[in-house]
2 protein chains.
Amino acid sequence: MQRSSSAFSYSLETEQLARFAKALGHPARIIILKHLSNQSCCYTGDLLEVLPLAQSTVSQHLKELKDAGLIEGEVLPPKIRYCIHTKNWNIASKLFKKLFEEDFNEIKCC
Amino acid sequence: MQRSSSAFSYSLETEQLARFAKALGHPARIIILKHLSNQSCCYTGDLLEVLPLAQSTVSQHLKELKDAGLIEGEVLPPKIRYCIHTKNWNIASKLFKKLFEEDFNEIKCC
DNA sequence: AATATTAATCGTTTATTTGCGATAAACAAT
DNA sequence: ATTGTTTATCGCAAATAAACGATTAATATT
């Protein structure tokens, strides 16, 4: 996984979009997010009943979603209540929308 | 990476969305897609001038986008012209839109 | 037939991801 | 103080991803 030595970097927007997409790149995490956005509102690890995964694995997925900024957790002993991180969720929404709306209708050659 | 032995499977839609997202989960592939959807229309490996990556690596990324169904390549010797796979691109667009529009405005608790 | 161009594929290395069980941490309730 | 509940973290194994250079394949051009 070496990288060419030149000091190249992708644009922040590109990096951000890729980071969000990567976080969405696993069925379990899609389900978690659907749960959080669908369901009345916040949630915790009763995801265990929805997902075919061990507790530690689900915890790991939650961590990745948190690291990507898509969810946030409120410590509410002994439970933790997870919610969509509304602000970043909206940013993600805009970035994806922008990607797919890229004016590529204008000319069509294939 | 074992999996619990029960014959669980995610819904097709969830799998599909995750597959698309995963393909979008790398900055280089975002750039390729923006190029294809932005730029007049189709394209080939002059992506090499845009990306800080070796030819073989770019080829690999193109393959992943193709496997995910997001692009298609027309052999036009000795070059290959890559294009957005319009049909699947639209499906992806819809799936992401749906995810982000999940009626989660109704109740807000955090 | 020989050469040049373009892109895919092979083989390798390193890093990251996915998954699990076991253990630890944090706190409420007894 | 002990116990129970919930979640995070650790340590490990296996799988996948990312990157590269070298090689091959396909086809135009000379």
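In what follows, every chain begins at residue 1, and chains take the letters A, B, ... in the order their sequences are listed. Quick caveat, the model's predicted, so the values are computed rather than measured.
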- Query: Which nucleotides of nucleotides 21-30 of chain D have their base under 4.0 Å from a protein heavy atom (B), which only their sugar-phosphate (S), and which neither (-), written as one string 5' to 3'?
  - Reply: BB----SS--

- What class does the angle between the rings of F96(A) and F100(A) fall in, given that below 30° is parallel, 30 to 60° is tilted and above 60° is perpendicular?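 Aromatic pair F96(A)/F100(A) classed parallel.
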
- Task: Enter the distance from I71(A):CD1 to T86(A):OG1 here, rounded to the nearest 0.5 Å.
- Result: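 Between I71(A) CD1 and T86(A) OG1, I get 12.0 Å after rounding to 0.5 Å.
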
- Task: Find out whether L24(A) and I30(A) are in side-chain contact, i.e. whether some heavy atom of one side chain is under 4.5 Å from a heavy atom of the other.
- Result: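 A side-chain contact exists here, since the closest heavy-atom pair is under 4.5 Å.
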
- Side-chain ion pair, E72(B) and K66(B), N-O less than 4.0 Å: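 Between K66(B) and E72(B) there is no salt bridge, as every charged N stays at least 4.0 Å from the carboxylate O atoms.
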
Provide, to the nearest angstrom, the distance between the [atom1] atom belonging to [X] and the [atom2] atom belonging to [N].
X	N	atom1	atom2	value
Q60(A)	dC10(D)	CD	P	11 Å
R81(B)	dT5(C)	CZ	P	21 Å
D67(B)	dT16(D)	CG	C1'	13 Å
H61(A)	dT16(C)	NE2	P	18 Å

- Item | Side chains of S59(A) and S56(A), donor plus acceptor under 3.5 Å |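 No pair is found: no donor N or O on one side chain lies under 3.5 Å from an acceptor on the other.
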
- Query: Using a cut-off of less than 4.0 Å, is there contact between a side-chain N or O of K22(B) and OP1 or OP2 of dT16(D)?
  - Reply: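 False: K22(B) side-chain N/O out of range (4.0 Å or more) of dT16(D) OP1/OP2.
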
Select one nucleotide: of [options], the one nearest the side-chain heavy atoms of [X].
X	options	answer
Y82(A)	dA8(D), dA18(D), dG19(C)	dA8(D)
S59(A)	dT9(D), dA19(D), dT18(C)	dT9(D)
K79(B)	dT18(C), dT16(C), dT6(C)	dT6(C)

- Task: Kindly indicate, with the supporting measurements, whether the criterion salt bridge (charged side-chain N to carboxylate O under 4.0 Å, His left out) is fulfilled by K34(B) and E13(A).
- Result: CA-CA 12 Å; K34(B) 288 214 172 193; E13(A) 189 176 305; 3.4 Å; yes

